[in-house]
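Everything numeric here is computed off the predicted structure, so don't read it as measured data.
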Amino acid sequence: MEQSVVSIDVVTLRCWDTDSGVLIGIAAREFEPFTGELALPGVLLGRGERLAEAARRAVHTKLGVPMEAIGAVGQLVTFDEPHRDPRGPTLSIAMWAVVAEHEGPAEWVDFDAVPPLAFDHNRIVDTSRGLLAGLLWKDQALTRALAGEEFPATRAVDLSTSLHGTRPDQANLNRTLAAIPGLDRTGERRRVKATGRPAVVWAFSDSEA
């Protein structure tokens, strides 16, 4: 029986202070198949290589993100459709990674504005969005990487809206935030827009594990 190779495809996320929500990194492929077409960063898993190591390598080499700017990394789901790659049977393990601010050549797009991508990468993005929405506010590594150690309530709204696709109810979101271990509502308020009331600031009070 012909054996499948393993590909690591990464849904690379950023939510910088200049962003109004979560953006995804994509770049044109340099090699066949689909040369020149946009795709998620992906690499074949090396012998003895850990998944997180391969994910970081993919983000670094395919998106041009400096290694020091690549933060938390995690695993999402596996895609095993045998004909997803024209080169032969390829198992894709979808990972997520969050990157800090940096200068680089990658293209960053909103979840609702992802263009046609090579392979089955649009399916990977669609599936991963729902999984990431379920992890937000539950997975400490993802939450802290995206939101930061302290953040205004408006940032929490932007994160939830980006991943869920709909704006959250503020009262429900506040209850969700209040239930997160180590996250506290501070007495500080921060103005993030020219108009409107300053936003409540939330902060993690514990040291990150």
Side-chain angles (χ1 to χ4, degrees), residues 10-26 52 55-56 59 63-76 95-114 125-209:
V10 189
V11 180
T12 310
L13 310 170
R14 80 175 217 192
C15 190
W16 302 346
D17 290 341
T18 54
D19 299 328
S20 59
V22 180
L23 301 181
I24 313 165
I26 54 178
R56 292 175 185 276
V59 174
L63 294 186
V65 178
M67 277 293 190
E68 61 271 18
I70 304 172
V73 174
Q75 186 175 345
L76 286 168
M95 306 283 288
W96 60 263
V98 179
V99 300
E101 291 194 42
H102 64 277
E103 295 291 335
E107 181 175 342
W108 296 90
V109 296
D110 185 272
F111 272 101
D112 292 320
V114 177
V125 170
D126 290 343
T127 301
S128 296
R129 183 182 191 178
L131 296 172
L132 289 164
L135 291 174
L136 183 65
W137 314 127
K138 295 178 182 178
D139 183 287
Q140 283 266 340
L142 175 68
T143 297
R144 296 171 87 139
L146 284 175
E149 290 302 296
E150 65 170 42
F151 55 91
T154 50
R155 187 176 182 86
V157 171
D158 290 341
L159 290 173
S160 292
T161 301
S162 292
L163 296 182
H164 287 275
T166 56
R167 188 177 179 85
D169 176 80
Q170 188 65 59
N172 289 339
L173 180 57
N174 285 339
R175 284 191 289 270
T176 297
L177 296 176
I180 297 175
L183 181 65
D184 300 312
R185 177 172 172 156
T186 71
E188 180 188 351
R189 285 183 174 270
R190 185 177 303 166
R191 183 172 295 282
V192 293
K193 296 181 180 179
T195 59
R197 297 178 58 191
V200 170
V201 174
W202 293 81
F204 286 97
S205 60
D206 61 332
S207 59
E208 192 167 4

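- Annotation: the span from L177 atom CG to R175 atom CZ amounts to 11.0 Å, rounded to 0.5 Å.
- Counting heavy atoms from C-beta on, the side chains of L76 and T127 never come closer than 4.5 Å.
- You'll find the side chain of R129 reaches within 4.5 Å of the side chain of D112, heavy atoms only.
- Taking each heavy atom of A199 and T154 in turn, the nearest pair found is CB-CG2, 3.9 Å.
- Every residue was checked against the side-chain hydrogen bond (donor to acceptor under 3.5 Å, both in side chains) condition with Q75, not counting sequence neighbours, and none meets it.
- Note: L63 CG to I24 CD1 = 11.5 Å, rounded to the nearest 0.5 Å.
- A113 is linked by a side chain to side chain contact (heavy atoms under 4.5 Å, CB included) to D110, counting only residues two or more places apart in sequence or in another chain.
- Between the CG atom in L146 and the CG atom in D158 there is a gap of 12.0 Å [rounded to 0.5 Å].
- For the salt bridge (Lys or Arg N to Asp or Glu O under 4.0 Å) test, residues two or more places apart in sequence or in another chain that qualify with D19 are R14.
- Scanning for side chain to side chain contact (heavy atoms under 4.5 Å, CB included) contacts around R167 gives V157, T161, with sequence neighbours left out.
- Within the 4.5 Å cutoff, the side chain of V192 has no heavy atoms near those of the F151 side chain.
- In this structure, the side chain to side chain contact (heavy atoms under 4.5 Å, CB included) partners of S160, at least two apart in sequence or on a different chain, are L136, W137, H164, P168, L173.
- Looking at D184, its side chain never comes within 3.5 Å of a backbone N or O of T186 through a donor-acceptor pair.
- The side-chain hydrogen bond (donor to acceptor under 3.5 Å, both in side chains) test applied to D126 returns no partner, not counting sequence neighbours.
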**Request:** Test side-chain contact (heavy atoms from CB on, under 4.5 Å) on L13 and F111 and set out the steps.
**Result:** CA-CA 10 Å; L13 310 170; F111 272 101; 4.0 Å; yes
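- Looking at V22 and L132, their side chains never come closer than 4.5 Å, going by heavy atoms from C-beta outward.
- Pairing each heavy atom of A55 with each of V73, the nearest pair is CB-CG1, 3.8 Å.
- Here the shortest heavy-atom pairing between C15 and G21 reads SG-O, 3.7 Å.
- In this structure H102 satisfies the side chain to side chain contact (heavy atoms under 4.5 Å, CB included) test together with W16, V65, P66, A69, V99, W108, sequence neighbours excluded.
- Annotation: the span from L23 atom CG to T12 atom OG1 amounts to 12.0 Å, rounded to 0.5 Å.
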**Message:** Does L135 form a side-chain contact (heavy atoms from CB on, under 4.5 Å) with L163? I'd like the steps, not just the answer.
**Reply:** CA-CA 10 Å; L135 291 174; L163 296 182; over 6 Å; no
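- By the side-chain hydrogen bond (donor to acceptor under 3.5 Å, both in side chains) test, R197 is found to be paired with no residue, residues two or more places apart in sequence or in another chain being considered.
- Qualifying side-chain hydrogen bond (donor to acceptor under 3.5 Å, both in side chains) partners for D17, counting only residues two or more places apart in sequence or in other chains: none.
- Under the salt bridge (Lys or Arg N to Asp or Glu O under 4.0 Å) criterion, R191 pairs with no residue, sequence neighbours left out.
- Considering only residues two or more places apart in sequence or on other chains, E188 meets the salt bridge (Lys or Arg N to Asp or Glu O under 4.0 Å) condition with R190.
- To the nearest 0.5 angstrom, L183 atom CG is 11.0 Å from E150 atom CD.
- Partners of R56 according to the salt bridge (Lys or Arg N to Asp or Glu O under 4.0 Å) rule, which considers only residues two or more places apart in sequence or in another chain, do not exist here.
- Looking at every heavy atom in both residues, A72 comes nearest to W96 through O-CZ3, 3.3 Å.
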